[in-house]
Number of protein chains: 2
Amino acid sequence: MSMDKPSNTADDILAAARSFIVAGGYNGFSYADIADVVGIRKASIHHHFPSKVDLVRTLVKRYLEDAVTGMTELERNVPAPPQLLRTYAGFWAQCIEDASRPICVCALLASELPALPPEVAAEVRAYFQFLSGWLTGVIERGAAQGTLTIAAAPRVEAEAFMATVHGAMISARAYGDVLTFSMILAPTLQKLIPARD
Amino acid sequence: MSMDKPSNTADDILAAARSFIVAGGYNGFSYADIADVVGIRKASIHHHFPSKVDLVRTLVKRYLEDAVTGMTELERNVPAPPQLLRTYAGFWAQCIEDASRPICVCALLASELPALPPEVAAEVRAYFQFLSGWLTGVIERGAAQGTLTIAAAPRVEAEAFMATVHGAMISARAYGDVLTFSMILAPTLQKLIPARD
DNA sequence: TCCAATCTACCTACTAGTTGGTAGGCAGTG
DNA sequence: CACTGCCTACCAACTAGTAGGTAGATTGGA
């Protein structure tokens with residue numbers, strides 16, 4: 001009937017790993033830390049993920065997959081480029097304000113990219129390429145329709161937008177103020193979205 | 001006669017630590033790593049910096065001091081707000097392109113702030129507050145003179161500018177392309193600096 | 001001026017605890 | 001029986017940090 005998901009331990013491990021990574025990066029946690037919060041023994045994690053690289057590679061790969069399906073669904077529900085950008089920014093504003101996802105896993109991992117195992121680094125790069133490509137498409141479409149105002153090539157505007165989002169996450173963290181993110185994104189969106197009257 | 005600086009070992013240790021931190025963050029290096037590149041034994045590092053927290057706190061504190069003196073001097077030589085922003089962005093573009101300082105130490109540490117020892121976290125916050133304050137002053141002045149065009153309060157524009165700079169550093173790292181930084185900053189500066197003709 | 005006390009910068013040798021990872025066993029289930 | 005999921009009990013390597021010693025420079029007093 002339905003695709004069975006008999007054991008959620010692997011998911012629990014991934015969830016624990018994600019929260020540790022967003023707190024302190026790849027080297028900021030150990031198998032022992034995960035074992036503590038999941039409630040199993042350290043060795044049992046190796047049963048699900050033979051090595052730390054496996055664990056984090058799987059985590060980032062799934063993170064990208066979720067982003068792909070999320071963006072696809074978002075585009076189906078909210079097709080207008082200005083709303084797409086607003087919704088994307090609003091999603092992160094929400095995540096940061098309720099502390100559920102205080103920063104993007106891949107933004108954090110990218111910052112320590114030279115120290116990452118190459119398999120993980122490759123997945124992080126793939127995420128950046130996807131997100132940048134998606135934003136470029138949205139901005140391109142918005143510019144063609146006249147619903148977005150751009151001052152440079154869509155690709156460049158997309159990279160700038162993404163950079164501002166990631167930088168705003170870091171600033172929110174530095175100030176310990178969850179509203180900093182929305183404060184920074186408000187004018188950034190304003191500049192892209194033409195005033196209506 | 002002159003202020004003597006008899007031993008540069010402490011500085012060598014700090015320099016090595018900085019390059020390890022920009023590569024992989026606070027947990028991305030060990031005393032053994034530093035000992036290897038400096039050419040002394042692990043225990044000797046403890047003579048200069050009793051603990052890892054001492055080492056990194058000193059590093060970030062000095063990083064902020066250098067920023068303060070650097071900005072002060074920059075403002076004396078190049079007083080016009082548009083040029084100040086351009087020079088600041090150009091400084092980092094240069095650092096990233098020649099790989100001498102591929103990312104800001106504090107931007108990286110801020111991303112893993114929850115996992116940092118509180119003493120280090122405090123220094124990182126101080127850096128953000130200084131930089132944000134400096135940029136706010138520059139933008140405020142530029143707006144008052146009419147040499148900068150702003151769409152939001154100077155404070156907000158300053159935070160957005162800083163966030164874009166930090167995000168652009170991360171993107172450059174993710175793509176492994178040192179020119180990404182300047183590509184992102186070009187339109188960001190353009191939007192602030194009114195066209196001349 | 002000589003000598004002793006002190007200080008600096010480094011060393012070897014060690015500690016207790018943690019790291020990711022392995023070997024092998026055992027209970028439950030299809 | 002075979003497989004899954006978890007366990008105990010390891011392991012070698014590495015972690016930050018300590019103890020204690022040494023060679024050489026600096027300092028202060030007789």
Side-chain angles (χ1 to χ4, degrees), chain A residues 1-21 23-60 109 112 114-121 123, chain B residues 1-21 23-60 109 112 114-121 123:
Chain A
M1 214 31 77
S2 66
M3 301 285 272
D4 55 335
K5 35 178 183 176
S7 153
N8 42 4
T9 305
D11 290 339
D12 291 349
I13 292 168
L14 287 170
R18 196 188 66 186
S19 78
F20 279 121
I21 287 176
Y26 186 85
N27 293 305
F29 72 102
S30 73
Y31 269 40
D33 295 326
I34 293 178
D36 278 351
V37 319
V38 174
I40 56 175
R41 296 295 163 152
K42 203 167 56 96
S44 306
I45 303 174
H46 287 282
H47 171 71
H48 297 278
F49 304 99
S51 74
K52 195 177 181 182
V53 172
D54 283 304
L55 169 56
V56 180
R57 186 174 8 89
T58 304
L59 171 63
V60 179
L109 290 178
E112 54 185 16
L116 293 183
E119 301 94 321
V120 175
E123 299 291 339
Chain B
M1 214 32 77
S2 65
M3 300 284 272
D4 53 338
K5 36 179 180 175
S7 154
N8 41 4
T9 303
D11 291 338
D12 292 349
I13 292 168
L14 287 170
R18 196 188 66 187
S19 77
F20 279 119
I21 287 176
Y26 185 84
N27 293 306
F29 72 101
S30 73
Y31 269 40
D33 295 325
I34 293 179
D36 277 351
V37 319
V38 174
I40 57 175
R41 297 293 163 152
K42 204 170 53 96
S44 305
I45 303 173
H46 287 282
H47 170 71
H48 297 278
F49 304 98
S51 75
K52 197 178 180 181
V53 172
D54 283 305
L55 169 56
V56 180
R57 185 173 10 90
T58 304
L59 171 64
V60 180
L109 289 178
E112 54 185 19
L116 292 183
E119 301 95 319
V120 175
E123 299 292 341

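Here is how names work: the chains are called A, B, and so on, in the same order as the sequence lines, proteins then strands, and each is numbered from 1.
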side-chain contact (heavy atoms from CB on, under 4.5 Å) between Leu55(B) and Ile34(B), intermediate numbers included | CA-CA 11 Å; Leu55(B) 169 56; Ile34(B) 293 179; 3.7 Å; yes

Between [N] ([atom2]) and [X] ([atom1]): distance, integer Å:
X	N	atom1	atom2	value
Ile45(B)	dT8(C)	CD1	C1'	17 Å
Leu55(B)	dG17(D)	CG	C1'	14 Å
His48(B)	dA16(D)	NE2	P	17 Å

Shortest non-hydrogen contact from Ala35(B) toward Ile45(B) |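 Taking Ala35(B) first and Ile45(B) second, the nearest heavy atoms are N-CD1, 3.6 Å.
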
List the atom of Lys52(A), the atom of Asn27(A), and the distance in Å for their closest heavy-atom pair.
->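 Where Lys52(A) meets Asn27(A) most closely, the heavy atoms are NZ-CA, 4.3 Å.
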
Quick one: list whatever passes side chain to side chain contact (heavy atoms under 4.5 Å, CB included) with Asp36(A), sequence neighbours left out.
->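 For Asp36(A), no residue satisfies side chain to side chain contact (heavy atoms under 4.5 Å, CB included) once neighbours in sequence are set aside.
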
Measure the spacing between CG of Leu109(A) and CG of Leu59(A) and express it to the nearest 0.5 Å.
->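 Nearest 0.5 Å value for the CG-CG distance: 7.5 Å.
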
side-chain contact (heavy atoms from CB on, under 4.5 Å) between Val56(B) and Leu116(B), worked out = CA-CA 10 Å; Val56(B) 180; Leu116(B) 292 183; over 6 Å; no

N/O (side chain, His47(B)) to phosphate O (OP1/OP2, dA9(C)) under 4.0 Å =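 His47(B) to dA9(C) OP1/OP2: side-chain N or O found under 4.0 Å.
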
Is there a side-chain polar atom (N or O) of Thr9(A) under 4.0 Å from OP1 or OP2 of dG5(D)?
->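 So the side chain of Thr9(A) is outside the cut-off, no N or O lying under 4.0 Å from OP1 or OP2 of dG5(D).
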
What is the bend of the helix from dT1(C)-dA30(D) to dG30(C)-dC1(D) when you compare the axis at one end with the axis at the other, using five pairs each and rounding to 10°?
->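 Inter-axis angle at the termini of the helix from dT1(C)-dA30(D) to dG30(C)-dC1(D): 10°.
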
Check whether any side-chain N or O of Tyr31(B) sits under 3.5 Å from a backbone N or O of Ser51(B) as a donor-acceptor pair, and report yes or no.
->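 Looks like yes, one N/O pair under 3.5 Å.
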
Each nucleotide N or O in nucleotides 28-30 of chain C that has a protein N or O under 3.5 Å away: list the pair and distance.
none

Please identify each residue that fulfils salt bridge (charged side-chain N to carboxylate O under 4.0 Å, His left out) with Asp12(A), with sequence neighbours left out.
->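 In terms of salt bridge (charged side-chain N to carboxylate O under 4.0 Å, His left out), with neighbours along the sequence ignored, Asp12(A) is linked to no residue.
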
What pairs with Arg18(B) under salt bridge (charged side-chain N to carboxylate O under 4.0 Å, His left out), at least two apart in sequence or on another chain?
->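 Checked Arg18(B) against salt bridge (charged side-chain N to carboxylate O under 4.0 Å, His left out); zero matches.
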
Heavy atoms, side chains only, cut-off 4.5 Å: are Glu112(A) and Tyr26(B) in contact?
->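 When only atoms from C-beta onward are counted, Tyr26(B) and Glu112(A) do not touch, as no gap falls below 4.5 Å.
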
Reading nucleotides 11-26 of chain C from the 5' end, what letters show protein touch, with B for base, S for backbone sugar-phosphate only, - for no heavy atom under 4.0 Å?
-> BBB-----SBBB----

